[in-house]
Structures are given as C-alpha cells and as structure tokens.
Amino acid sequence: MAGDEIRRNMALFPIGIVMKLTDLTARQIRYYEQHELIQPARTAGNQRLFSFNDVERLLEIKALIEKGVNIAGIKQVMNPVGDGSDEPTVINEQSEVKRREMTDSQLHRMLKQQLMTGKRPGQVSLIQGELSRFFKSK
DNA sequence: TTTCTCACA
DNA sequence: TGTGAGTA
C-alpha cells in the first residue's frame, strides 16, 4: 500500500525531536546529512524536517557507528542515496528482512574488497566489530 | 526558543 | 565531533 510509504516518508519533526529519538547530537545528524546518509526535507525557513524513515535510518547509522564503522563504511553498507532517483524505501516487512540478509553479503564483499585492495591507515578502522560476525559461529 | 551555517580551540 | 558566533 502506497499510503504507508507516504506516511513513512512524510517530513514531520525538527532536528530537536530527532535528537531525542536517536540520541544523536544535532552536529552528528547534520554531519551524516553532509555525507548523504540521510536527506531530510526543508521548511521554507531552511529548517530540517525528518520523516520516520529518516529516523530509522539514523538509528541504523547509530548502530553501525557504535560497532566501530566509520562514515565510509556506512556509505558502503547503506543503500545508495544519491539524488533520489531511486528510493523504493522498503514497503513491507518481508522486503525489510530481505534487505537485512543482503546487507551481510554486501558487508562480506566489502570487507574482502578492502582486505585485498590493501587498506590504508585511515580506512583500517572500518571493520573492527563487524569482523567478529564472520569469524564466530553464525 | 530553536535551528542554521561557518569556523576553530 | 564539540562548541561558540551571529542570524533568521
């Protein structure tokens, strides 16, 4: 149902609310926006307005950050956000799950690529906690 | 009061 | 990332 997607993508709350909802600072939220991890709408007064989808995305980002993944890594794990020409933004739980399963293979591929490419000092930190997921059972 | 952009300890 | 400045 399209109505659901409309509600999820409807810009509703200002950054102050999002800060409480995600436990992120305004600085971080704006920073992630700069890196195109999220794309909140703007009011006539240039105020950011976030949708439920933006908040969920922020929570995912937060989770990754806590695992030790940096912006570069998150960019590779998150969906390509670019110019919005794409934006199917999961409609039902089933596709939500499917996307999670995909994330693991993408992450594995990402890690492999990085390990083979030969990591530079700055990018080495990209993995950390994520690696344990592949070395342990599961 | 809240948020915005910009710049720097 | 934090934080202060100066606005809107």
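Convention: sequence-line order gives letters A, B, ...; per-chain numbering from 1.
Hydrophobic clustering (side-chain heavy atoms under 4.5 Å, transitive across Ile, Leu, Val, Met, Phe, Trp, Tyr) groups A:L21 together with A:F50. Clustering ILVMFWY residues whenever any of their side-chain heavy atoms sit less than 4.5 angstrom apart, transitively, puts A:Y31 in the very cluster that holds A:I74. A continuous path of hydrophobic side-chain contacts links A:V55 to A:I17 [ILVMFWY only; heavy atoms under 4.5 Å].
The only member of A:I29, A:T25, A:L24 that meets side chain to side chain contact (heavy atoms under 4.5 Å, CB included) when paired with A:I15 is A:I29.
With A:R57 contributing its side chain and A:L37 its backbone, the two residues share a donor-acceptor pair below 3.5 Å.
To the nearest angstrom, P of B:dC4 lies 9 Å from CG of A:L49. For A:H35 and C:dT1, the NE2 to P distance is 9 Å, given to the nearest whole Å. Spacing between atom CD1 of A:I29 and atom C1' of B:dC4 amounts to 14 Å, rounded to whole angstrom units.
Atom CZ of A:F13 is separated from atom CE of A:M19 by 14.5 Å, given to the nearest 0.5 angstrom.
Within the structure, a side-chain polar atom (N or O) of A:N46 is placed less than 4.0 Å from OP1 or OP2 of B:dT5. Residue A:R42 places at least one side-chain N or O under 4.0 Å from the OP1 or OP2 atom of B:dT5.
A salt bridge does not link A:R27 to A:E33: none of the charged nitrogens lies less than 4.0 Å from a carboxylate oxygen.
Heavy atoms of A:R48 sit under 4.0 angstrom from primed sugar atoms or phosphate atoms, though from no base atom.
Taking a pair as Watson-Crick or G-U wobble with both distances under 3.5 Å, DNA chain C forms stems of 3 or more consecutive pairs at B:4-8 with C:2-6.
Each of A:G45 and A:I71 was assigned the nucleotide of DNA chain C with the nearest heavy atom; the assignment lying further toward the 5' end belongs to A:I71.
With C:dT1, B:dT3, B:dT5 as the choices, the nucleotide that has an atom nearest any side-chain atom of A:Y32 turns out to be C:dT1.
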**OP:** Take A:E56 and A:R8, measure what salt bridge (charged side-chain N to carboxylate O under 4.0 Å, His left out) needs, and give me the verdict at the end.
**Re:** CA-CA 10 Å; A:E56 287 178 27; A:R8 297 171 70 75; 3.0 Å; yes
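Using a 4.0 Å cutoff on non-hydrogen atoms, the parts of residues 15-28 of chain A near DNA chain B are A:I15, A:G16, ordered by number.
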